Amino acid sequence: MQAVDYRQINRILDEHRRDPLRLVQILVRIQHDYGGCPPAVRDYIAKAVNVPQAQVHGVVEFYHFLSPERLGDYRIYLSDNITDRMLGNERIMAVLQQDLQVRRGQPRADGRVHLDYTSCTGLCDQGPALLVNGRPITRLTPALAGEIAERINAAEPLDAWPAHWFQVEESLRLAGPVLAARSEPGRALQAAFQQGPERLLKEIDRSGLRGRGGAGFRTALKWRVSRDAPGKAHYVVCNADEGEPGTFKDRTLLTRFADEVFEGMTLGAYVIGAEQGFLYLRAEYGWLYPHLVAVLARRRAEHLLGHQILGHDFNFDIDIHLGAGAYVAGEESALIESLEGQRAVPRTRPPYTATHGYLHQPTICNNVETFVKTTLIARNGADWFLASGTRHSPGTKLLSVSGDVARPGIYEYPFGVSVQTILDACGATDTQAVQVGGPSGTCITPLEFGRAISFEDLSTGGSFMVFNRSRDMLAVVQNFTHFFAGESCGFCTPCRVGTQLLRQSIDKIMAGHASARELADIAETASTIRSMSHCGLGQTCANPLLDTLQRMRPLYESRLTSLDFVPGFDLDGALAPARELSRRDDAAAHLGQRCDELGCIVNSEGAGARR
Amino acid sequence: MSKLRIATCSLAGCFGCHMSFLDLDEQLAGLAEQIELDRSPLTDIKHLAGDGIDIGLIEGGVCNAENVHTLREFRSRCRILVAVGACALTGGVPALRNGIPLAACLGEAYLHGPGIEAAGVPDDPELPLLLDRVYPLHEVVRIDHVLPGCPPPAAAFHALLTAIIAGQPPALEYALRRFD
Amino acid sequence: MNGNDFTFVLDGENIRFEPGQTIMEAATQAGIYIPHLCYHADYRPRGSCKLCTVKINGRFGSACTMPVQPGMQIDNDTDELTAMRRRLVQMLFVEGNHYCPHCEKSGNCQLQAVAYHVGMTDSHYPHFYPLRQLDASHPDMLLDRDRCIACELCVRASLESDGKAVFGLAGRGSRTRVVVNSESGLLGDSDFSADDVAARICPTGALIPKREAYLRPIGARQYDLRDIAHNAPPDPPSPEQMP
Ligand SMILES: Cc1cc2nc3c(=O)[nH]c(=O)nc-3n(C[C@H](O)[C@H](O)[C@H](O)COP(=O)(O)O)c2cc1C
Ligand code: SF4
Ligand code: SF4
Ligand code: SF4
Ligand code: FES
């Protein structure tokens, strides 16, 4: 491992102007260069950017991809969305652990390799996937995993690996008006300059455009509130955190339609009067960074960004900020905290981002797709946009389709499309359930496949995961529930503790140790978490459990024990340390997990005996 | 009316809860009209009557295999099982060891501690093995009612028993609901 | 409703408020107790413990952060909310290591008092028994993270009242914890002082002065006989918080 070189750290600090607002960016870079940010470096940075040591400490420990320990030269994160599971990521993990001689989550003896799971990496259409030092490798097979391990064991640098390993494919399966559109950069801006900001805003208002990040807030309303709010400066933020498991349409848009994204941000700036914009790019998409920076540079050269855009008295530029691994950072106020160099903890609202966003100034924060749509509306007019979709959900929606389908990838449909139509198009057969909108969304069964994708019916930020009848839906629930437990930011009690409790509950159900009476209790806890949590994460974290308890109760019932109560922890396992220390293995040195009605110790696994 | 049969025991506890029960003093005489004691350290009966106990009062948390057996026996023979005192409810003082690996605990007691002559962790099958940590009762069996406190005040026992005798759900007033 | 009608309805009662007040501030001023742990009148509300969750026009929200609007209909003391708050307090208990019988704060602890108030008698959930670092390095103060509920009051008090920033939160999710601003991370190496406002702010026994334990006998402690709702004199909002 490379020794820490404070001259180089100084260079990194200087590149970021020793700006405390750029703390997360500085730490992302340190992590990249050194594989971690040990306490000495942490304190050095705290002094250099003049923030309390506890803040740097807090940030390093908050984000998944930052660490106080140096994790070695090869940092491998295997995507652990349910779709990766279904494509065999556990087998890949086994091969990597074996061939690399490393245990997941623990440093290898020589300290050079770190291997772990991570939440969905947004590559579900081509899983199982992993990130190695931030670079993606998709469609993993055990053989490919073996080859990867070989190169790591030979200490071969990533640049010497076959370049095609790092290729990410963009499968546009069904193009609607957005995906089919190709335009020269700047056309929408020219149209906007002709109309002026007020008319442009009216046009967006008339289009009825609603946010594509999931919540479906009226974009024009948000922009108007922000424009009208007083402030020292106004800001534009593009939410490219795309953290909802099963969503990858923003990845496609950033790859193929980066101009439209940046142009939409520029339009937003024109409307609200901003000079500075940020695109917050999730860490998992860090490999898109060079491409995006290049597009920005080209746009500056073309006078589509920067000083006096297209010769008008309008200045605006965009900075790309990298995330560092946190689903909650997609929540817009948490995202802004992260932009300000803090832990990504959602703020208290009111006040809202539109009036008190970045640096507590008026800020619009929109999803990648929302900005693309703005560009198209500015160019083609509201009528064009209104030609598709439903009354309350005009326009189209990009869906990221994955799971048990013949053709995973991106589908663009007008709002109002039925789930069944999508299933037919993507080649899904024998479908048992569809998770619409990711773990925080809704799980539906065939009875409901006639329902429509729209804000008024089945709302989705774009995730559409399909499960056929061979799948164990409770394993799906378990995966999602673990996801939330790992992603809770820890700010509020119900979510911080409640996600852990739900995780224990689903694990207990899966182990066959839950009793019927416990189901009611789980539902009660779930509704407390849902009602009392601070942000959308906690408010939705119980959805997978509650949806399936409601729709697939027999699945649960088939796993319940007939007994009154069975411990949630492994009783016999709890004796293991004592057995080892006393070197005993007699019958009395074991305990059965279950207890029969008469007394004790009838152990279904046969380990127990009556004392 | 036949008397309610009550059994009590102390698992990983200090008998303080039992002492508090005895603090009922002359009220015990009144209760004795309505209850009778089965297995209890107070009676020295070692095993529960086979034909059903009305109320089981358990003091202390679950720290070893024997505690698990005893607790399960109580659960299966008692109509109503009551967790009594902080240790039964949270692990209490014995659970202070929960932050220390068992190897370190036993090591200190049997291997490296002061005054040890024949070092070695006992392997006698008669000795119950320790669990990796001390668990509260509700993590091992279903519990019907609780009496918090360290120990619960005598009046809390009285309130609980009289409520059950009267066939009412036990409720504790503010002064009887305490954690220490 | 005319523009001067600054009243709202709390549990069926008409309450006057001053514009800009939060539900918590207005209720406190009217002598009505809303359970809370992370709220303190002297600091900006944080809204994280969620004990103060009330129903505002039928929807759940935090009383300590939500500004009152004229005519708001608020439920506070209902069976539904009490049951949910009981679960929240139970979550706080199992998440940490709370052994009240030998805790120096017992009887004077807000967490315990709120637990009594919402009728908690057991912990209901499995205990996590987390391993957390105890910091006894400071000559006059003890930081026992086992009892910390991450309310951030010490963080706010140190920053806003003492001008020191001794504390911060690190970690995430269930590993969230208080850290100290010093190179060693130890309280003894920070500029914390027992005279700091932050030294008296902790609602639990997590951050407590040394050598002051068990001074008041059982029975004479703050919450021994009276419910927290009738106990603490209402904290008047401090002048700078008044609009
Ligand atoms: C836990 C959580 C995660 C979120 N993640 C994202 C995300 O990855 N991308 C996104 O656009 N919006 C996300 N959101 C929604 C944002 O808070 C916000 O509503 C959205 O960016 C607004 O943009 P829009 O109006 O264009 O949809 C998330 C919300 C929550 C509560
Ligand atoms: S709900 Fe969860 S993610 Fe949201 S603020 Fe609370 S702890 Fe954080
Ligand atoms: S801090 Fe309060 S609740 Fe926790 S152990 Fe001490 S007295 Fe009990
Ligand atoms: S130490 Fe006390 S004041 Fe500080 S966060 Fe923990 S509980 Fe709150
Ligand atoms: S007091 Fe309102 S959330 Fe803690």
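Keep in mind that this is a model prediction, so the values were computed, not measured. All chains are named by letter (A, B, ...) in the order of the sequence lines, taking the proteins before the strands, and each is independently numbered beginning at 1. We use all heavy atoms of the structure for the numbers below, so side chains are in, but hydrogens, waters and symmetry mates are not.
Ion pair A:Glu61/C:Arg172 not flagged as a salt bridge, since none of the NZ, NE, NH1 or NH2 atoms sits closer than 4.0 Å to an Asp/Glu carboxylate oxygen. With salt bridges taken as basic N to acidic carboxylate O contacts below 4.0 Å, one links A:Lys47 and C:Glu183.
Of all the listed residues (C:Met84, C:Arg85, C:His124), the one sharing the greatest number of non-hydrogen pairs under 4.5 Å with chain A is C:Met84. The residue among C:Val166, C:Val180, C:Val179, C:Val155 with the most heavy atom pairs within less than 4.5 Å of chain A is C:Val179. For the set C:Ala150, C:Ala165, C:Cys49, the count of heavy-atom pairs under 4.5 angstrom toward chain A peaks at C:Cys49. Highest contact tally toward chain C, considering only A:Ser533, A:Cys495, A:Ala46, A:Ala326, is held by A:Ala326 [criterion: heavy-atom pairs under 4.5 Å].
There is no contact between C:Leu51 and chain A, counting heavy-atom distances below 4.5 Å. Using a 4.5 Å cut-off between heavy atoms, A:Pro52 touches chain C through backbone and side chain atoms alike. With a threshold of 4.5 angstrom between heavy atoms, C:Arg59 does not approach chain A through any atom at all. For A:Ser531, the parts lying under 4.5 angstrom from a heavy atom of chain C are both the backbone and the side chain.
Atom CZ of C:Phe128 and atom CD of A:Gln504 lie 5.0 Å apart (nearest 0.5 Å). Here the CZ atom belonging to A:Arg349 is positioned 11.5 Å from the OG atom belonging to C:Ser62, to the nearest 0.5 angstrom. Expressed to the nearest 0.5 Å, how far OG of C:Ser48 lies from NE2 of A:His534 amounts to 8.5 Å. Rounded to the nearest 0.5 angstrom, A:Phe62 CZ and C:Thr176 OG1 are separated by 7.5 Å. A distance of 8.5 Å separates OG1 in A:Thr528 from CZ in C:Phe60, rounded to the nearest 0.5 Å.
When the heavy atoms of residues 478-493 of chain A are compared with those of chain C, the residues falling under 4.5 Å are A:Gly486, A:Glu487, A:Ser488, A:Cys489, A:Gly490, A:Phe491, A:Cys492, A:Thr493, listed by number. Scanning residues 330-347 of chain A against chain C with a 4.5 Å non-hydrogen threshold yields A:Arg343, sorted by number.
C:Ser174 approaches A:Gln500 most closely through the heavy-atom pair OG-NE2, 3.4 Å.
Just one of C:Met91, C:Glu95, C:Lys50 meets the side-chain contact (heavy atoms from CB on, under 4.5 Å) condition when paired with A:Arg496; it is C:Glu95.
Heavy atoms of other residues, nucleotides or ligands lying less than 6.0 angstrom from CD of C:Gln133 number 12 at most.
At a cut-off of 3.5 Å, with distance as the only test, no side-chain donor of C:Asn181 or A:His57 sits close to an acceptor on the other residue.
In this structure the side chain of A:Val497 never reaches within 4.5 angstrom of the side chain of C:Phe93, judged on heavy atoms.
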